[in-house]
Protein chains: 2
Amino acid sequence: MAKRPVTIPDSELDVLKVLWDREKATVREVLESLRLVGREWSYATVATLLDRLETKGVVTSDRSELAFVYRPAITAHEVQQKRVKSLVEKLYQGEPGLLVLHLLKSHPLDAKQASEVRAILDDMTKMPDPNNA
Amino acid sequence: MAKRPVTIPDSELDVLKVLWDREKATVREVLESLRLVGREWSYATVATLLDRLETKGVVTSDRSELAFVYRPAITAHEVQQKRVKSLVEKLYQGEPGLLVLHLLKSHPLDAKQASEVRAILDDMTKMPDPNNA
DNA sequence: CGTATCCTAAGACAACTGTCGTCACGTCGT
DNA sequence: ACGACGTGACGACAGTTGTCTTAGGATACG
C-alpha cells in the first residue's frame with residue numbers, strides 16, 4: 001500500500017509554527033496567535049488544519065480540558081532537515097555545499113554568524129576523524 | 001485580479017531540469033531524458049507538464065521543426081533563489097545565516113568547498129563596503 | 001430549566017497536482 | 001494515393017491544499 005510520504009503544506013506549517021512557539025494550544029489559541037501575525041483565518045479553517053496535522057501524526061491532541069489541546073509531535077528541526085534535504089536534492093544535485101556557497105554569495109553574514117562559521121570550519125578541518133583510535 | 005504567484009511543482013521542475021541540461025528539447029527528447037533518470041512517464045504526461053510550464057511563462061516553444069521545441073525561459077538560478085528565499089522565510093525566520101549554520105553543522109564540506117567558503121568569508125569581512133566612496 | 005456559547009465533526013468546494021487516454025491531423029515511405 | 005506513425009490539443013480523473021459553512025453536542029450561567 002506504500003503510504004505516501006507525509007508532507008506539510010504551507011498553511012499547515014503556519015499552524016505548526018504556532019505550536020512550536022507556544023508548546024501547546026487549543027484551536028482558539030492558535031487562531032489568536034495567527035491573527036497577531038496577520039493570518040485572518042476562520043476558526044473552522046484552523047480546526048481543519050490541526051485535524052489534518054493530527055491525522056498525519058505530526059501533532060497530538062488531548063482533551064483533559066474543555067477543548068482539545070494540541071501539541072507538536074515533531075520538532076522544527078526535523079521539518080527543517082526534511083525541507084533542506086529535499087531542496088538540496090532537487091536543486092543542488094544533492095550537494096549541500098553548493099547551497100552553502102550560494103547562500104554565502106548572495107547574503108552577507110553578520111559578524112557573529114561569520115565567526116561561528118569560521119569556528120565550524122576550523123573544527124571540521126582540524127580533526128578529520130576524531131573517532132579513529 | 002491579482003494573479004497568484006507562479007509556482008513550479010515538483011513534477012514540472014523535473015522536466016524543467018531537463019531543459020536546463022539540454023538547452024532545448026522536444027517532448028519526446030524530454031521524455032527520453034527522464035527515462036534515463038528513472039522517471040517513467042507517458043508521452044502525454046510530459047506534454048502536459050511542458051504545456052503547463054509554457055502557460056506559466058517559464059518555458060517557450062517554437063515550431064520551426066516538425067515537433068515543438070521547448071526552451072527554458074528562466075534560469076536554474078532564479079528558481080533556486082526563489083526556493084531558498086521561501087525556505088528561509090518559512091523556516092529560518094528570514095535569516096539566511098541560520099540556514100548556513102544549520103547546513104554546516106549537519107554536513108561537512110569537502111576541502112575544496114571549505115576553502116571557497118573561507119575565501120568568501122574573508123572577502124566579506126575584509127572590505128565591508130567596497131562601493132563606499 | 002432555557003438559552004447563549006463554545007466546541008467538534010462532517011462535509012463542501014474550487015484550485016492545483018500528478019498522470020493519463022484519445023482523437024484528429026500532418027508527414028513520410030512505398 | 002494510402003496507410004503507419006509521431007504529434008499536439010483536449011480533456012479527464014483522483015488526490016492534495018486552502019478555506020469555509022453548518023449542524024449538533026457539551027457547557028455555563030441566569
Side-chain angles (χ1 to χ4, degrees), chain A residues 1-18 24-32 34-35 37-71 79 82-83 86 90, chain B residues 1-19 24-35 37-71 79 82-83 86 90:
Chain A
M1 37 188 94
K3 103 190 55 175
R4 84 187 62 259
V6 168
T7 70
I8 301 180
D10 289 351
S11 50
E12 286 173 25
L13 188 55
D14 280 339
V15 353
L16 191 50
K17 283 201 279 190
V18 172
K24 67 189 191 347
T26 63
V27 174
R28 187 154 303 277
E29 287 165 347
V30 171
L31 175 65
E32 275 153 16
L34 288 172
R35 287 253 154 86
V37 186
R39 237 100 179 43
E40 296 290 332
W41 275 333
S42 84
Y43 185 100
T45 299
V46 176
T48 297
L49 294 175
L50 279 166
D51 199 53
R52 288 180 184 168
L53 284 168
E54 189 177 14
T55 301
K56 292 178 185 173
V58 302
V59 315
T60 59
S61 68
D62 95 282
R63 188 173 209 169
S64 35
E65 305 301 319
L66 278 195
F68 275 114
V69 174
Y70 293 87
R71 292 162 189 278
V79 173
K82 270 198 208 299
R83 293 265 178 145
S86 142
K90 281 192 292 223
Chain B
M1 39 187 94
K3 103 187 56 176
R4 82 186 68 262
V6 169
T7 70
I8 300 181
D10 288 351
S11 49
E12 286 173 26
L13 188 55
D14 280 339
V15 352
L16 192 50
K17 283 201 278 190
V18 172
L19 293 185
K24 67 189 188 359
T26 64
V27 174
R28 188 154 303 276
E29 287 166 346
V30 171
L31 176 64
E32 276 153 16
S33 282
L34 288 171
R35 285 253 154 85
V37 188
R39 238 96 179 46
E40 297 291 332
W41 275 331
S42 85
Y43 185 99
T45 300
V46 176
T48 298
L49 294 176
L50 279 166
D51 200 55
R52 288 180 183 168
L53 284 168
E54 190 176 14
T55 301
K56 292 176 186 174
V58 302
V59 314
T60 60
S61 67
D62 96 282
R63 188 174 208 166
S64 33
E65 305 300 320
L66 278 194
F68 275 114
V69 174
Y70 293 87
R71 292 162 188 279
V79 174
K82 270 197 208 301
R83 293 264 180 147
S86 143
K90 281 191 292 222

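Residue numbers start from 1 in every chain, and the chains themselves are labelled A, B, ... in the order their sequence lines are given, proteins ahead of strands.
- Distances shown here put every side-chain N or O of A/K56 at or beyond 4.0 Å from the OP1 or OP2 atom of D/dT16.
- Although no hydrogens or angles enter the test, the distance criterion places no donor-acceptor pair under 3.5 Å between the side chain of A/S86 and the main chain of A/K82.
- Pairing each heavy atom of B/D14 with each of B/R39, the nearest pair is OD2-NE, 2.7 Å.
- Minimum atom distance to the side chain of B/R52 is reached by C/dG18, of the listed C/dG18, C/dC20, D/dA9.
- Within 4.0 Å (heavy atoms only), B/A44 reaches at least one base atom of the nucleic acid.
- One atom, CG of B/L50, and another, C1' of D/dT7, lie 13 Å apart when rounded to the nearest Å.
- The CG-P distance, from A/L66 to C/dC6, rounds to 12 Å in whole Å.
- Following rounding to the nearest Å, B/L53 (CG) and C/dT19 (P) show an atom-to-atom distance of 14 Å.
- When the nucleotides C/dT19, D/dT19, C/dC20 are ranked by their closest atom to the side chain of A/L49, D/dT19 comes out on top.
- Checking D/dT27, C/dT19, D/dT21 against every side-chain atom of A/S42, the shortest atom distance belongs to D/dT21.
- Each of B/T48 and A/E12 was assigned the nucleotide of DNA chain D with the nearest heavy atom; the assignment lying further toward the 5' end belongs to B/T48.
- Regarding A/R39, its CZ atom lies at a distance of 10 Å from the P atom of D/dC20, rounded to whole Å.
- Using a 4.0 Å cut-off, no side-chain N or O of A/Y43 falls inside it from OP1 or OP2 of D/dT19.
- A donor N or O paired with an acceptor N or O is not found under 3.5 Å between the base of C/dC7 and the side-chain atoms of A/T26.
- Proximity of a side-chain donor or acceptor of A/E32 to a complementary backbone N or O of A/E29 within less than 3.5 Å is not detected.
- Ranking C/dG18, D/dT19, C/dT8 by closeness to the B/D10 side chain, first place goes to C/dG18.
- In this structure, the nucleotide among D/dG6, D/dG8, D/dG18 sitting nearest to the side chain of B/V27 is D/dG8.
- In this structure a side-chain-to-backbone donor-acceptor pair under 3.5 Å is present from B/R35 to B/W41.
- Here C/dT17 is the nucleotide among C/dT17, D/dC20, C/dT27 with the atom lying nearest to any side-chain atom of B/T7.
- Residue B/R28 places no side-chain atom within donor-acceptor reach of the base of D/dG8, judged by atom type and a 3.5 Å distance cut-off alone.
- Across all strands shown, A/R63 has heavy atoms under 4.0 Å from sugar-phosphate atoms exclusively, and none from any base.
- Atom pair A/D51:CG and C/dC7:P shows a separation of 16 Å (rounding to whole Å applied).
- B/S11 comes within 4.0 angstrom of sugar-phosphate atoms only, judged by non-hydrogen atoms across all strands, and of no base.
- Nearest heavy atoms, B/V79 versus B/L16: CG2-CD2, 4.5 Å.
- What separates CD1 of B/I8 from C1' of C/dG18 is a distance of 16 Å, to the nearest Å.
- Distance from the side chain of B/T45 is smallest to C/dC20 among D/dT17, D/dG8, C/dC20.
- Straight-line distance from the CG atom of B/D62 to the P atom of D/dG8: 11 Å, rounded to whole Å.
- Taking atom CG of residue A/L13 and atom P of nucleotide D/dT19, one finds them 13 Å apart after rounding to whole Å.
- In A/K24, the NZ atom is not crowded: 12 or fewer heavy atoms of neighbouring residues, nucleotides or ligands sit closer than 6.0 Å.
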